[in-house]
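Before I ask anything, here is the structure I am working with.
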Amino acid sequence: MKRNRDLIVQDFGSGQVAVIAADNSGGIGNLPMDEVKVPYEVVAQYGARVCAMEVLAAGALPVSFIIHSFNGEGAWNELVTGAQKTFAELGLDTIEITGSTESNMNMVQSASSFTMIGRAAPSDLKPGITPSHAKVAVIGKPLVGEEVISRSGEVLSLSLFRQLLETDGIYEILPVGSKGIGYELEVLCGSSARFRSILPLDKSAGPSTCVLISYDEKQHSAIRNLCGMLFHELDPLL
């Protein structure tokens, strides 16, 4: 077993590896003390989004999704429906969903946890394949909390994410999480690399509202045109 970024890669010696990603959501939902009031369907849409993006970006195929809900019995169907909507957007129609609901205690603030399990051949895994000469860019903007809803036009769409997965010249795609773009840059390029950006490098990107990509300079114009206003090149500080 080894850890790549926020992923666990488990080799069972059968020519396939399991790739596991997880995401949590707290204080977001419909309970009295929630800081962001949204339907649980939306909570699960974004939780499934984060997990699926992580697994797909690693080069694996998602197969199972686990939901842990602390939001009462009434939230379960909404959570499943939200996850299914995300999978439909990504063209994933064979995901098995299971999980559990805390039904013994009445909570005053929402809490949800999501886990995705995918599978891949070891040769298909992508983390760590970026060459030293690659260019780097952010697609989307780091947004969190209420911003995710109110500034949805600045969020990387799942349809564009799917296109990026299939775009020639892109080496790696790293979904940005709560640690921000700067953290993903260190993972991708090493702690000594420094970049200039108009985006805040230390701000949380919530439910992976943006991704960091490494790519071949020859494909710069094609990738920029594909992403439009969501494309933000990062300039290295020499």
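For this chain, numbers begin at 1 and follow the sequence in order. Just so it is clear, the structure is predicted and the values come from calculations on it, not from any experiment.
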Worksheet item: So do Q45 and L158 actually touch side chain to side chain, heavy atoms under 4.5 Å?
Response: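 Result no, sub-4.5 Å side-chain heavy-atom pair not found.
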
Discussion item. Between I223 and K135, is there a side-chain heavy-atom distance shorter than 4.5 Å?
Written reply: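 Result no, sub-4.5 Å side-chain heavy-atom pair not found.
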
Practice prompt. State, without any angle test, whether S103 and T101 hold a side-chain donor-acceptor pair at a distance under 3.5 Å.
Written response: no

Discussion item. Closer than 3.5 angstrom, by distance alone: can the side chain of S204 be matched with the main-chain N or O of K179 as a donor-acceptor pair?
Written reply: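 Looks like no, no N/O pair under 3.5 Å.
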
Worksheet item: Sub-3.5 Å donor-acceptor pair from the side chain of D23 to the main-chain atoms of S113, do we have one?
Response: no

Practice prompt. Indicate whether any N or O donor in one side chain lies under 3.5 Å from an N or O acceptor in the other, for T81 and E41.
Written response: no

Worksheet item: Is a side-chain donor or acceptor of R49 paired with a backbone partner of S208 at a separation under 3.5 angstrom?
Response: yes

Worksheet item: Mind checking whether H133 and Y171 have parallel, tilted or perpendicular rings, split at 30° and 60°?
Response: perpendicular

Worksheet item: So, E172 side chain and S214 main chain: donor-acceptor pair closer than 3.5 Å or not?
Response: no

Discussion item. Treating R151 as the side-chain partner and L143 as the backbone partner, does any N or O pair qualify as donor plus acceptor under 3.5 Å?
Written reply: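 A pair under 3.5 Å: no.
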
Item to complete: Please work out whether the ring planes of F65 and F114 are parallel, tilted or perpendicular, with thresholds of 30° and 60°.
Response: parallel

Item to complete: Check whether any side-chain N or O of S197 sits under 3.5 Å from a backbone N or O of L234 as a donor-acceptor pair, and report yes or no.
Response: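 Side chain of S197 to backbone of L234, a donor-acceptor pair under 3.5 Å: no, none is there.
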
Worksheet item: Does a side-chain heavy-atom distance below 4.5 Å link H232 with K141?
Response: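 Side chain of H232 against side chain of K141, heavy atoms only: contact under 4.5 Å found.
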
